[in-house]
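Below, chains carry the letters A, B, ... as their sequence lines are ordered, and counting in each starts from 1. All figures in this text were calculated on a predicted structure; none of them were measured in a lab.
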Amino acid sequence: MAMAPNQNCAAILAWAAIACFVAGGSAWAEENERGADLFRLCAVCHGEDAGGEQAIGAPAIAGMPQWYLEAQLKQFRNGNRGTHFDDLMGMRMRPMARTLTHEGDVEAVSAHVAAMPPVDPAPTLTGGDLEAGKAIFSTICITCHGPEAAGNKDLMGAAPLNRSSDWYMFRQVRNFKSGIRGSRPGDQGGALMRPMMLQLKDDQDIKNVVAYIMTLGN
Amino acid sequence: MIDQYVVALSTYANDIDNLILLIGVLVGFWLILCELVFFYFIIRFRAKDGRRAEYITGEEKSHKRWISYPHMLVLVCDVFIVFFAIKVWYDVKQQLPEPYETVRIVGQQWAWSFVHPGADHELGTADDIKTVDELHIEVGKVYHFKLESRDVLHSFSVPVFRLKQDAVPGRVITGWFEANGTGTHDIQCAEICGIGHALMPAQIFIESPERHAAWVAEQSPVTLASANQP
């Protein structure tokens, strides 16, 4: 039985849609498989669930936004992170990031990690004053990182902090203060962070603000 | 001969190459000779009709000399090797010439870090230059190095210098080198040190006096501080 012209059009469109769906699904599966394959190297330090391992300084990364993971991998690759003489943890990470040599590797592994179920790390620091931390956060951090500390890609890639480990944030703030992080000429986001972090007087200030951030998303 | 494959750029590289060559030639000679003798015996005493296999204990003089003569000759070769090895070991590891400068080399998972003494040629002063993955030296000058490890065993290896020295946690190991040619060459870790072992390559920049002085001036903390001023 012959089909009417509009039925022909509908059939062609339906087949085209199916073809696009199949092709798109296949590309997604391929990319996802590539990301999972690349992640095997990350899992050695960050763990199978990407929940981090404090003993070796590997932070939790599962479920972090893809844009943030990509940005940090590129920072390690181009030497803006992990090239300071005293950045022991960064120097462990940098060669790993440099193994992502093929086009699309960074994007694939970032997408894979971003799609993993987030792991809310348990607090490890004690002695933080939440009220004092809130005051610091509201003055220094909130503008870029947002009220929920969820980060902001458009503001120099402000990091999402609300799923970070407290020990990791503590260390990074110290690194910014001492210039271990954020002092490379190409690191614009780091250059913005350094003067902010220098406003924290001492370790107690850092503990306070980190303790407050831990209440936001964990 | 070896420098046709890996260029030799330290004052002691040729001594080490010659020692390797000596060992290679002597061992190679005996290897080939033994193989020839074995194959000769295999063919000479192959199975033949009407001839029974014979079990020999190797206790007769005429049998034993096939072992004892080569054994003595190999020992003579060993004496040659030991003599030259001790000489090279003494010159490279025991006898440290007066240094022009001393650099600090730190291995860690997974990077090499370096502390250069800066314009005052003294380590441990304010103008020290710290780098990661890059060691800058001047050609034709004797350098001492103080080698450390921050975590596990590493091995500081500069193939063009024929230099390889383990870095042991808790120890500061002193060595030396003098480059006799300019260029940029690889530094490797030659001791398995974890999953990133193969990913910690660094580079040595052997520079002319003018180029090196310019680099030191560029990297001087004072110069960098003024360059970072808004």
Side-chain angles (χ1 to χ4, degrees), chain A residues 37-48 53 55-58 73 75-102 105-106 109 171 175-176 178-188 190-195 198, chain B residues 103-118 123-136 146-152 154 156 167 169 186-189 191-203 218-221 223-230:
Chain A
D37 196 39
L38 291 167
F39 177 73
R40 287 188 303 167
L41 183 63
C42 317
V44 175
C45 294
H46 292 277
E48 292 292 336
E53 178 57 65
I56 52 172
L73 283 170
Q75 291 279 66
F76 278 111
R77 284 179 55 75
N78 67 23
N80 281 341
R81 290 190 69 179
T83 50
H84 190 281
F85 187 84
D86 294 314
D87 187 4
L88 306 189
M89 300 307 145
M91 280 194 270
R92 281 192 186 152
M93 180 59 205
R94 185 163 180 250
M96 300 301 145
R98 291 169 84 185
T99 63
L100 304 170
T101 50
H102 297 100
D105 277 357
V106 168
V109 73
R171 175 175 287 158
N175 284 353
F176 279 118
S178 64
I180 290 175
R181 188 171 168 188
S183 55
R184 294 274 298 187
D187 186 4
Q188 294 174 337
L192 195 65
M193 268 298 281
R194 282 208 69 206
L198 285 167
Chain B
V103 291
R104 193 173 147 220
I105 302 171
V106 184
Q108 76 142 81
Q109 290 175 323
W110 290 282
W112 291 107
S113 311
F114 306 95
V115 184
H116 306 74
L123 264 186
T125 55
D127 72 343
D128 285 0
I129 301 166
K130 295 178 174 178
T131 58
V132 175
D133 293 346
E134 286 188 13
L135 172 60
H136 289 254
K146 301 283 182 187
L147 181 61
E148 305 162 37
S149 168
R150 279 169 162 158
D151 38 43
V152 299
H154 299 277
F156 180 70
D186 290 340
I187 294 172
Q188 306 168 333
C189 178
E191 182 72 51
I192 299 284
C193 60
I195 191 169
H197 163 68
L199 307 170
M200 57 183 285
Q203 287 190 307
E218 274 168 29
Q219 299 299 316
S220 153
T223 312
L224 287 178
S226 58
N228 287 335
Q229 292 293 322

Legend entry - Partner set under side chain to side chain donor-acceptor pair (under 3.5 Å) for A/R184, not counting sequence neighbours: none

Inset, instruction - Output the residues of residues 191-199 of chain B for which the shortest heavy-atom distance to chain A is under 4.5 Å, in residue-number order; output 'none' if no such residue exists. - result: B/I195, B/G196, B/L199

Legend entry - Heavy atoms of other groups near B/Q203 CD, more than 12 under 6.0 Å: yes

Inset, instruction - Can you tell which part of A/R98 gets under 4.5 Å to a heavy atom of chain B, answering side chain, backbone, both or neither? - result: side chain

Legend entry - Partner set under side chain to side chain donor-acceptor pair (under 3.5 Å) for B/D151, not counting sequence neighbours: B/H154

Legend entry - Side chains of B/W110 and A/M96 in contact at under 4.5 Å (non-hydrogen atoms): yes

Inset, instruction - Compute both the distance and the angle, then confirm whether B/R150 meets the cation-pi test with A/F85: under 6.0 Å from the six-membered ring centre, within 45 degrees of the axis. - result: yes

Legend entry - Under 4.5 Å from a heavy atom of chain A, the part of B/Q109 involved: both

Inset, instruction - Please report the shortest heavy-atom distance between B/Q108 and A/M91, naming the atom on each side. - result: OE1-CE, 3.2 Å

Legend entry - Pairing residues for A/I180 by the side chain to side chain contact (heavy atoms under 4.5 Å, CB included) criterion, not counting sequence neighbours: A/H84, A/D86, A/D87, A/N175, A/S178

